[in-house]
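Written below as structure tokens is the structure these notes are about.
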Amino acid sequence: MEKRKPKWTIEGKTCLITGATSGIGKATAIELAKRGARIIYTARDLEKAKIVKEEIVLKSQNNDVEFFECELSSLESIKKLAENFKKRYSALHVLINNAGLWEAHRKLSKDGIELTFAVNYLAQFLLTDLLLGLLKKSAPSRVMNVSSELHRKGKINFDDLELKKHYNGMKAYYNSKLAIVLFTKELARRLQDTGVTANIAHPGLAKTDIYRALPSIEKKLIFLFGAITPEEGAKTSICLAMSDEVSNISGEYFARGKITKSSDESYDIEEAKKLWNISIEYVKKYIENSEV
Ligand SMILES: NC(=O)c1ccc[n+]([C@@H]2O[C@H](COP(=O)([O-])OP(=O)(O)OC[C@H]3O[C@@H](n4cnc5c(N)ncnc54)[C@H](OP(=O)(O)O)[C@@H]3O)[C@@H](O)[C@H]2O)c1
């Protein structure tokens with residue numbers, strides 16, 4: 001007789017969340033901590049991180065909360081984060097790649113890479129790669145990458161991935177979010193039968209700091225047309241982290257807690273493989289024995 005798998009529960013699970021110092025990431029951390037998860041989050045501003053830790057502990061009544069410093073625009077900093085994490089913890093059950101930004105003007109990361117591409121996409125790619133051994137060891141485990149409905153407007157142009165020719169902040173954001181969907185679907189294909197799932201979350205239009213670079217009139221317009229709270233925006237991430245029903249689901253795009261068809265381009269397997277190989281080129285100095 002086939003042995004039944006134990007039901008997935010978040011209680012006692014070790015969760016790493018990037019960008020939980022505000023918005024959707026913070027709301028996700030608070031809710032998962034309330035449900036008994038061990039929460040580790042990343043922060044680039046340690047003072048802010050300390051205040052947020054107090055808030056998470058107070059609201060969840062869970063003391064098992066810690067943060068690690070990480071500047072996600074630096075590949076070196078991501079590598080250090082992964083090393084420190086592995087030194088301190090022997091398991092990782094849920095990795096939530098949540099951090100993201102939108103930049104009106106073209107900026108470069110510490111590694112000289114266009115900032116939106118670097119933080120929104122490449123950071124997810126590298127961190128996941130560096131933690132994959134631990135995720136596999138801890139299986140059943142989950143990777144969850146936060147993208148956006150705006151990935152539908154994205155286009156992967158391999159001749160100009162970093163928008164060197166015609167930068168546009170929205171375009172950079174759309175493209176980075178499409179890259180996340182392509183990457184996660186490819187990751188799920190590579191992780192088949194490992195016990196590690198990989199899915200994508202769209203939070204919905206939520207009133208958070210991500211719109212800080214927008215002109216105030218546009219910001220007001222966005223918020224006027226029914227933006228939800230960060231807590232509501234966190235629901236899809238929380239569902240993907242907690243639900244037993246998604247235990248065997250991988251490579252899917254979730255919006256409002258439900259599997260939803262992503263853009264046609266995001267199903268292009270050849271494009272996903274090509275993006276993967278280029279991403280490896282970007283981060284190869286920081287990965288030793290890539291496990292995927
Ligand atoms: N809000 C929406 O309507 C919406 C819609 C669709 C998708 N999303 C996605 O949801 C995710 C969370 O965004 P949010 O709306 O909650 O925005 P947010 O409030 O601005 O939170 C973004 C988080 O990412 C961190 N972060 C940004 N750049 C970083 C860097 N270089 N290094 C380290 N950490 C960095 C921020 O840290 P600091 O606190 O230090 O700034 C913050 O913790 C993002 O991936 C976003 O694209 C949001």
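Ligands are counted one by one from 1 in listed order, and the atoms in each one are counted from 1 as well.
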Parallel, tilted or perpendicular: which one describes the rings of F68 and Y89, with boundaries at 30° and 60°?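 Perpendicular, since the angle between the ring planes exceeds 60°.
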Parallel, tilted or perpendicular: rings of Y253 and H202 (30°, 60°):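 Aromatic pair H202/Y253 classed parallel.
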Side chain E162, main chain E114, donor-acceptor under 3.5 Å: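 Checking the backbone N and O of E114 against the side chain of E162, a donor-acceptor pair under 3.5 Å is found.
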Is the distance from the ring center of Y282 to that of Y121 below 6.0 Å?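 Between Y121 and Y282, which both carry aromatic rings, the centre distance is not below 6.0 Å.
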Mark yes when over 12 heavy atoms from residues, nucleotides or ligands other than K86 sit less than 6.0 Å from its NZ; otherwise mark no.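 Result for NZ/K86: enclosed.
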Just to be sure I understand the cut-off, which residues have at least one non-hydrogen atom under 4.0 angstrom from an atom of ligand 1?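 Residues G19, A20, T21, S22, G23, I24, R44, K48, C70, E71, L72, S73, N98, A99, G100, L101, V119, V146, S147, S148, Y173, K177, P203, G204, L205, A206, T208, D209, I210, Y211, R212 each place a heavy atom under 4.0 Å from ligand 1, listed by chain and number.
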Under a 3.5 Å cutoff, is there a donor and acceptor pairing between the side chains of T28 and N98?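 There is no such pair between these side chains.
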